[in-house]
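What follows is a short report on a single structure.
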Amino acid sequence: MHSIPILAVCGHSGSGKTTLIEALLPLLETRGVRTAVLKHDAHRLTVDKPGKDSARFFDAGARVVLAHDATQGFLRWRKERSEDVTEWLQDALSGLPVSVDLILVEGHKDSPWPKFWLRKADETEIPESVKSVLAVFGFGKARPEAVRDLILEWMKNSEE
């Protein structure tokens, strides 16, 4: 089994991470790249409506809750506080229930994964602690296409 390539899209708040990923998804899809997205939420994650069955099961202590309808579904699970977050995420990503060609991670600038840094207009340098940066992108209308092209090239080189 070969592992799914993972790329992190990093930058400070307001650098356009969500907007870029949102623009990239259809651009990658038209090139045949099925993409999963991992969103890091620095605040308390809310994925369910309080009081609904799946939220009640989770609040009651279920380790894992899966919910679905005819066209979509979600999986919610508990992470042990002591677990290393990168290792935990790697395990979670390796068990995706659908086939994907690429995983884009929003955030996780301290992860070992290769990453793109999105620079805000007033930034000139990325933080020294950020490692494995493939490229740095400023704002601009052509940013999604430039990032898409770099991703496609990176994926091609990764297969060789």
Side-chain angles (χ1 to χ4, degrees), residues 1-48 58 64-65 72-160:
M1 173 179 157
H2 97 282
S3 63
I4 303 167
I6 300 173
L7 281 172
V9 178
C10 303
H12 291 114
S13 179
S15 62
K17 297 181 297 291
T18 299
T19 301
L20 175 66
I21 292 171
E22 185 179 33
L24 275 174
L25 292 171
L27 293 174
L28 291 168
E29 184 71 28
T30 61
R31 297 293 182 96
V33 179
R34 299 165 301 179
T35 308
V37 177
L38 167 66
K39 164 74 173 127
H40 176 250
D41 191 333
H43 311 289
R44 182 155 166 76
L45 181 64
T46 304
V47 295
D48 207 356
F58 194 78
V64 176
V65 175
Q72 63 182 334
F74 76 85
L75 170 70
R76 185 177 181 192
W77 68 97
R78 294 184 190 283
K79 179 192 149 311
E80 297 295 330
R81 289 191 182 273
S82 61
E83 291 176 297
D84 173 78
V85 75
T86 304
E87 184 178 320
W88 178 79
L89 288 169
Q90 190 74 45
D91 289 344
L93 294 171
S94 69
L96 291 175
V98 295
S99 181
V100 297
D101 304 304
L102 173 68
I103 299 169
L104 292 177
V105 176
E106 182 182 343
H108 289 283
K109 70 180 185 289
D110 297 324
S111 74
W113 298 314
K115 58 192 60 80
F116 298 109
W117 185 265
L118 303 184
R119 194 173 56 225
K120 291 170 65 167
D122 60 346
E123 286 182 320
T124 56
E125 304 206 9
I126 64 172
E128 246 180 68
S129 63
V130 179
K131 306 295 183 212
S132 303
V133 176
L134 299 175
V136 177
F137 291 93
F139 275 103
K141 290 188 186 286
R143 182 162 71 172
E145 290 80 5
V147 174
R148 177 209 52 208
D149 293 345
L150 200 56
I151 288 172
L152 293 173
E153 186 67 25
W154 177 81
M155 288 178 71
K156 180 181 167 193
N157 291 337
S158 296
E159 291 174 355
E160 297 174 355

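Environment of NZ in Lys109: sparse, with no more than 12 heavy atoms of neighbouring residues, nucleotides or ligands closer than 6.0 Å.
Across all their heavy atoms, Arg119 and Val136 have their closest contact at NH1-CG1, 3.5 Å. Contact detail for Pro114 and Trp154: the closest heavy-atom pair is CG-CZ2, 3.6 Å. When all heavy atoms are compared, the tightest approach of Arg31 to Leu152 is NH1-CD1, 3.4 Å. Heavy-atom minimum distance, Pro5 versus Met155: CG-CE, 4.5 Å.
In this structure a side-chain-to-backbone donor-acceptor pair under 3.5 Å is missing from Lys115 to Pro112. Between the Lys17 side chain and the Gly107 main chain, no donor and acceptor come within less than 3.5 Å of each other.
Residues that satisfy the side chain to side chain donor-acceptor pair (under 3.5 Å) test with Asp101, not counting sequence neighbours, are Arg34. Listed by chain and residue number, Asp110, Pro127 satisfy the side-chain contact (heavy atoms from CB on, under 4.5 Å) test with Ser129 (two or more places apart in sequence, or in another chain). Residues forming a side-chain contact (heavy atoms from CB on, under 4.5 Å) with Ala23 (at least two apart in sequence, or on another chain): Pro144. Remark: Thr35 engages Leu25, Leu28, Val33, Leu102, Leu104 in a side-chain contact (heavy atoms from CB on, under 4.5 Å) (not counting sequence neighbours). For the side chain to side chain donor-acceptor pair (under 3.5 Å) test, no residue two or more places apart in sequence or in another chain qualifies with Glu22. Scanning for ring pair (Phe, Tyr, Trp, His ring centres under 6.0 Å) contacts around Trp117 gives His12, with sequence neighbours left out. For Ala135, the side-chain contact (heavy atoms from CB on, under 4.5 Å) partners are Phe116, Phe137, Leu150, not counting sequence neighbours. Considering only residues two or more places apart in sequence or on other chains, Ser132 meets the side chain to side chain donor-acceptor pair (under 3.5 Å) condition with none of them.
Annotation: side chain of Asn157 is in contact with side chain of Glu153 (closest heavy-atom distance under 4.5 Å). Val37 is not listed as a side-chain neighbour of Ile103, based on a closest heavy-atom distance of 4.5 Å or more. A heavy-atom distance below 4.5 Å is not found between the side chains of Glu106 and Leu38.
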* **Candidate pair Val9 and Val105, rule side-chain contact (heavy atoms from CB on, under 4.5 Å), full reasoning** => CA-CA 6 Å; Val9 178; Val105 176; over 6 Å; no
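Taking NZ of Lys131 as the reference point, atom OG of Ser111 lies at 13.0 Å (rounded to 0.5 Å). Distance check: Leu118 CG to Glu123 CD gives 9.5 Å after rounding to the nearest 0.5 Å.
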